[in-house]
Amino acid sequence: MKVLVPVKRVIDANVKIRVKADQTGVETANVKMAMNPFCEIAVEEAVRMKEAGTASEVVIVSAGAAQAQETIRTGLAMGADRGVLIQSEAALEPLAVAKLLKAVVEKEGADLVLMGKQAIDGDNNQTGQMLAALLGWPQGTFISKLEKNDSGIKVTREVDGGLEILDLKMPAVLTVDLRLNEPRYASLPNIMKAKKKTIDTFSPEDLGVDVSPRLETIKVVAPPPRKAGVMVDSVAALVDKLRNEAKVI
Ligand code: AMP
C-alpha cells in the first residue's frame with residue numbers, strides 16, 4: 001500500500017503572530033517556520049504503518065515555495081521514503097492545493113492519503129474534504145484511531161457528540177486529529193540519511209493545474225487585546241461577579 005502524506009509549511013506554532021502594518025496578511029519574513037503540527041501526526045502514522053508492514057512506501061508531498069523542501073526533509077527524517085515538491089510562489093488556496101494533490105495521487109498511484117485535519121495558519125479545514133470529493137474517494141476526517149483490515153480501513157472519528165467509527169473502502173483520504181499519536185523527534189542519523197532521499201519537483205503547470213486565486217483577502221486585523229483576568233477567592237464571589245458584574249446568570 002502506497003501512502004501519500006501532504007504536509008504544509010506554516011509559521012511555527014510557538015511563534016507569536018504579528019499582522020503586517022499594511023493589513024494584507026501576517027508577517028512571515030524572518031519568522032521561524034515548521035511543519036504544520038497535524039501534518040506531523042499524519043507523517044508519524046504513515047511511518048508507523050510502514051514499520052508495521054502495512055504500508056510499502058510513504059511519499060511526502062508539499063505545495064509551496066522552494067523552502068517547503070525543508071519541511072519535506074523533516075518528514076523524510078521521520079522515516080518517509082521520498083518527497084514531491086510542487087513549487088509555486090503563489091498563495092495557494094485549498095481548492096488549488098486539492099487539485100494539485102489529486103494530480104500527484106494519480107501520478108503516484110497512491111492507495112491512501114493521510115493528511116492533517118487543518119493547517120494552523122489559515123485554519124481552513126478544507127483541503128482533505130475537497131481532495132476526497134475531486135478523487136471520488138471515501139473520506140474519514142478528524143480521525144483519532146486507524147486500523148487496516150482486509151476489506152479496507154476502520155477509523156475512529158472525533159465528532160461533537162463523541163466518537164464515530166467508520167469502515168471505509170480503499171483507496172481513501174483520511175485527515176488526522178490530535179489524539180491519533182505523538183510524533184517522534186527525528187534522530188541525527190535519520191536527519192543525515194534524509195539528505196540523500198529523493199525529492200522530485202514539479203510546477204503547477206507540469207501537473208496541468210490552474211492555481212490562480214478565487215478569493216480576495218480584504219483585510220487582516222489582529223484581535224483586540226484581552227483584558228487581564230482577576231482571581232476570586234470563593235465560589236460565592238464568582239457567582240456574585242457573574243450575576244452582578246458580567247450579568248450572565
Ligand atoms: P487546510 O485545509 O488548509 O486547513 O489544510 C488541511 C491539510 O491539507 C493540511 O494539514 C495538509 O495535510 C494539507 N495541505 C494544506 N495545504 C497544503 C500545501 N500547500 N501542501 C501540502 N499539503 C497541504
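Numbering of residues begins at 1 and proceeds along the displayed sequence. When a ligand or atom number is given, it counts from 1 through the structure's own listing order. Given the structure is predicted, the values throughout are model-derived calculations rather than measurements.
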Under 4.0 Å between a side-chain nitrogen and a carboxylate oxygen: does that hold for [X] and [Y]?
| X | Y | answer |
| --- | --- | --- |
| Arg9 | Glu70 | yes |
| Asp121 | Lys8 | yes |
| Asp177 | Lys117 | yes |
| Lys99 | Glu93 | no |

Which atoms of ligand 1 are found less than 4.0 Å from any heavy atom of [X]?
| X | result |
| --- | --- |
| Val61 | 21 (C) |
| Cys39 | 9 (C), 10 (O), 11 (C), 12 (O) |
| Val97 | 16 (N), 17 (C), 18 (C), 19 (N), 23 (C) |
| Gln126 | 2 (O) |
| Asn124 | 1 (P), 2 (O), 3 (O), 4 (O) |
| Asn125 | 1 (P), 2 (O), 4 (O) |
| Val7 | 20 (N), 21 (C), 22 (N) |

message = Looking at non-hydrogen atoms alone, which of Gln129, Met115, Lys117, Gln118 comes nearest to atom 8 (O) of ligand 1?
response =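 Going through Gln129, Met115, Lys117, Gln118 one by one, Met115 has the nearest heavy atom to atom 8 (O) of ligand 1.
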
Short N or O distance, [X] and ligand 1, threshold 3.5 Å exclusive:
| X | result |
| --- | --- |
| Thr127 | yes |
| Gly128 | no |
| Asn36 | yes |
| Ala119 | yes |
| Gly64 | no |
| Ala63 | yes |

task = Rounded to the nearest 0.5 Å, what's the gap from NZ on Lys107 to CG on Asp200? Could you check?
result =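 Reported to 0.5 Å precision, the distance equals 8.5 Å.
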
Nearest-neighbour protein heavy atom for [atom], which is reported as residue plus atom name and distance:
| atom | value |
| --- | --- |
| atom 7 (C) of ligand 1 | Gly116 O, 3.3 Å |
| atom 12 (O) of ligand 1 | Pro6 O, 2.8 Å |
| atom 16 (N) of ligand 1 | Lys8 CD, 3.4 Å |

With a 6.0 Å cut-off (strictly less than), is the heavy-atom count around [atom1] of [X], excluding the residue itself, greater than 12?
| X | atom1 | value |
| --- | --- | --- |
| Lys197 | NZ | yes |
| Lys20 | NZ | yes |
| Glu51 | CD | yes |
| Lys154 | NZ | no |

key: Nearest atoms (heavy-atom pairs only) where Glu182 meets Arg48   =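 So the minimum-distance heavy-atom pair works out to O-NH2, 3.4 Å.
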
message = Please confirm whether Val5 approaches ligand 1 to less than 4.0 Å, judged on its heavy atoms.
response =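 Outside the 4.0 Å threshold, so no.
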
task = Would you check if Lys241 and Val230 make a side-chain contact, meaning some heavy-atom pair closer than 4.5 Å?
result =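 Yes, their side chains come closer than 4.5 Å.
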
